[in-house]
Protein chains: 2
Amino acid sequence: MAAERDAGGRRSATIKDVAAAAGVGIATVSRVFSGTGSVSPATRERVQAAARELDYRPSALGRGLKLRRSGGIGLIVPDVTDPFRADLVAGVLACARTFGEHVILDAAHGDPAREAEIVDRLVEQRVDGIIAVPAGTEAAWRAPAGIGASVVFADRVPPGLREIPAVLADDRAGVRTLTEYLVGLGHRRIAFLGAAPASPGGDRPAPAAPGEEDRAGPPAQVRERAFRDTMAALGAGVDEDLVVAARHERDSAFAAAAGLLQRRGDVTAVLAAGHLLGEAAVLVARELDLRVPADVSIAMVDDVPWAELCDPPLTTVARPGHDIGYRACELLLRDRTRRTRRGPVLLPAELVIRGSCGPPRPARSPARPA
Amino acid sequence: MAAERDAGGRRSATIKDVAAAAGVGIATVSRVFSGTGSVSPATRERVQAAARELDYRPSALGRGLKLRRSGGIGLIVPDVTDPFRADLVAGVLACARTFGEHVILDAAHGDPAREAEIVDRLVEQRVDGIIAVPAGTEAAWRAPAGIGASVVFADRVPPGLREIPAVLADDRAGVRTLTEYLVGLGHRRIAFLGAAPASPGGDRPAPAAPGEEDRAGPPAQVRERAFRDTMAALGAGVDEDLVVAARHERDSAFAAAAGLLQRRGDVTAVLAAGHLLGEAAVLVARELDLRVPADVSIAMVDDVPWAELCDPPLTTVARPGHDIGYRACELLLRDRTRRTRRGPVLLPAELVIRGSCGPPRPARSPARPA
DNA sequence: CTGAAAGCGCTAACAG
DNA sequence: CTGTTAGCGCTTTCAG
């Protein structure tokens with residue numbers, strides 16, 4: 001675009017043109033626009049006038065080449081249309097703006113190969129850093145990290161990559177709080193509707209330092225573990241048959257929820273570990289003519305907009321998507337020199353109580369009623 | 001990041017390093033990586049080996065400077081967290097990928113000044129083009145356009161800027177279809193919950209060529225006009241008191257909906273001109289204990305995910321956000337040479353009938369019932 | 001305070 | 001097929 005030619009077909013003005021027009025050297029023009037050095041007010045004015053006249057725009061390409069950086073950062077998310085990720089993107093955008101950096105966005109759709117391609121591209125662009133909600137596992141991210149790229153993970157971190165800075169929601173605390181709430185309401189047969197690991201063999205159990213691994217790592221694992229631990233701590237055993245995992249597609253979530261609710265008419269509450277799962281639970285409950293919360297209580301992780309529009313409105317754990325993005329960007333840009341951080345930054349997840357959970361109904365036959 | 005130094009603190013390899021390591025000239029290395037010209041298989045292999053060894057990544061900065069383009073496009077939306085816009089962004093991303101271009105994203109939040117800043121920044125980056133859901137009006141976009149920048153508008157076009165290519169949803173047809181559906185159901189007192197123009201004095205009535213202006217222009221105006229026209233065509237007069245406009249905030253939408261439904265207990269259906277408005281309508285109806293669709297039918301423009309989760313599920317007009325983004329990007333990148341297009345590309349909006357609309361109830365007192 | 005000159009990493013003629 | 005050369009637009013010593 002502008003780089004090529006203006007409306008008249010002429011190439012856009014360069015620093016040289018401006019210098020000539022203002023009758024100064026190019027160094028002076030550079031000083032005026034880059035803020036470096038000092039120029040006399042008079043000269044400055046003359047240069048600016050000339051620039052205005054020629055509609056001169058400094059080229060980030062030229063500057064970047066010289067400075068060896070582009071002034072932009074890369075952001076990789078699985079999918080922009082997921083409301084939580086959209087929030088995260090908005091957070092990054094907001095923060096990047098304060099640093100005067102632009103952001104190159106791309107979606108990896110959970111595909112490690114695609115993610116790797118994107119990273120390559122970003123490195124070629126010489127971005128000042130990369131923020132990623134990673135899909136690939138350790139190996140995939142060792143490369144860019146080793147190359148000296150500054151990367152910050154957001155929302156999740158590949159197992160075994162704890163040395164890389166990250167900003168995560170405190171899912172463990174969130175799920176614990178939610179579980180305690182449910183148990184406090186009197187529920188014992190709580191179903192946990194979780195997500196299965198995406199990559200085929202990627203999310204191996206993860207060795208990791210005990211006491212830390214339970215707070216970071218794949219969110220799906222963290223949440224399930226938090227659920228189990230809390231139930232155990234509360235003296236409520238968890239029925240393995242009630243812990244199910246779905247893949248990340250809507251269909252899979254729906255099937256899992258339907259299977260669960262039909263098979264076990266005795267569950268009194270379902271804790272969905274994500275908004276897609278929650279959506280499935282709501283839909284299935286409706287299909288099965290189960291009243292919420294009279295027949296089943298439903299709660300989920302992720303406080304998406306529709307939670308409030310549901311009837312009844314859904315109780316959720318709100319994860320701070322915007323803040324996660326903002327902090328991740330801050331970590332990348334502000335603390336780019338000192339790599340002092342040890343362990344991921346954990347942002348609080350808040351329990352939002354609405355109307356979808358109540359005390360369990362006295363009893364119900366194991367088979368689907370009617 | 002990579003541009004600076006690798007893990008060892010050394011600067012990253014350049015084409016020169018690779019050339020030296022492979023014992024060839026830099027031009028040969030360039031040929032290997034840019035695909036231009038031809039190199040003997042043997043040499044090519046040697047170069048690639050050297051590059052691999054040095055972990056060489058061609059710098060887009062250098063290439064860009066030479067080629068006078070960055071290989072990326074700019075995308076400006078009002079807000080990434082709006083589901084419709086998120087779809088649009090996803091569409092652009094998908095298309096850009098096929099062209100091997102990256103996309104620089106930013107949100108203008110409806111602020112023309114901010115939008116102008118973003119455009120400036122994009123021009124400095126020498127993007128190959130800009131796709132925008134514009135906030136500013138004519139004047140603001142004359143500059144970048146005049147500068148020779150290729151821009152394509154998506155979702156809406158500033159009044160008076162018809163010469164710039166654009167991709168829009170056929171809102172006119174969408175609203176017409178929806179209105180006809182409502183009238184066909186027997187509704188006569190249909191409320192139109194619309195959006196007020198964002199910019200203070202920006203959206204002036206717009207002179208424009210008749211017969212065209214009714215399909216493009218600010219969506220809010222297009223939709224309202226489509227509603228009025230359709231009602232008129234159907235012989236159903238529109239009650240001016242039932243046409244209300246809210247600002248783009250949730251609060252405003254809620255207030256407008258509440259005011260409307262309380263003031264006019266006799267409306268039998270409300271047509272919300274956007275998902276925020278629809279959300280407000282649903283919430284207000286619930287608050288007022290109005291059954292949907294028994295007491296009021298509700299329908300809205302924008303088929304956001306929650307429409308299906310509502311109880312009852314909401315009837316909507318689905319606007320193809322993803323396609324709009326995709327096509328806009330295609331228009332920008334594929335047809336960048338020939339500027340043959342005349343008038344905006346209109347993509348169909350589809351009526352999605354769910355359960356929120358039914359025949360009007362026989363009668364109801366003007367005052368709020370209980 | 002200001003100008004001249006030397007590149008930043010890469011591509012594109014132009015010769016061999 | 002391959003090397004040499006001349007910049008692309010900008011920042012930055014280094015003199016003046």
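Reminder, nothing fancy here: chain letters follow the sequence lines and each chain counts from 1.
Checking side-chain atoms of A:D82 against main-chain N and O of A:D79 turns up no donor-acceptor pair under 3.5 Å. Remark: the backbone N or O of A:F84 is not paired with any side-chain donor or acceptor of A:D87 at under 3.5 angstrom. Proximity of a side-chain donor or acceptor of B:E115 to a complementary backbone N or O of B:A135 within less than 3.5 Å is detected.
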### Task
Take A:H322 and A:L88, measure what side-chain contact (heavy atoms from CB on, under 4.5 Å) needs, and give me the verdict at the end.
CA-CA 5 Å; A:H322 189 280; A:L88 193 152; over 6 Å; no
### Message
The test is side-chain contact (heavy atoms from CB on, under 4.5 Å); show your working for A:T98 and A:Y326 and say whether it passes.
### Response
CA-CA 10 Å; A:T98 71; A:Y326 199 99; 3.7 Å; yes
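Between A:R126 and B:S12 the shortest heavy-atom distance is NH2-OG, 4.3 Å. Taking both residues in full, the closest heavy atoms of B:P165 and B:L331 are given as CB-CD2, 3.8 Å, listed atom of the first, atom of the second, then distance.
Between A:R68 atom CZ and C:dG9 atom C1' the separation is 9 Å, expressed in whole Å. Atom pair B:L61:CG and C:dT11:C1' shows a separation of 15 Å (rounding to whole Å applied). Atoms CG (B:L65) and P (C:dC8) sit 13 Å apart, rounded to a whole Å. At whole-Å resolution of the value, NZ in A:K16 and C1' in C:dA5 are 13 Å apart.
The side chain of B:S59 contributes no N or O atom lying less than 4.0 Å from OP1 or OP2 of C:dC8.
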### Base versus backbone protein contacts along nucleotides 11-16 of chain D [heavy-atom cut-off under 4.0 Å; B, S, -]
BBB---
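Counting only Watson-Crick or G-U wobble pairs whose defining distances are both under 3.5 Å, the stems of 3 or more consecutive pairs in DNA chain D are C:1-16 with D:1-16.
Every residue two or more places apart in sequence or in another chain that forms a side chain to side chain contact (heavy atoms under 4.5 Å, CB included) with B:Q48 is listed here: B:V32, B:R44, B:E45, B:R52. Scanning for side chain to side chain contact (heavy atoms under 4.5 Å, CB included) contacts around B:T43 gives B:V24, B:T28, B:S40, B:R46, B:V47, with sequence neighbours left out. B:A113 pairs by the side chain to side chain contact (heavy atoms under 4.5 Å, CB included) definition with B:D111, not counting sequence neighbours.
At a threshold of 4.5 Å between non-hydrogen side-chain atoms, the residues B:V133 and B:R156 count as touching.
Near DNA chain C, meaning a heavy atom under 4.0 Å from it, residues 43-51 of chain A has A:T43 in order of number.
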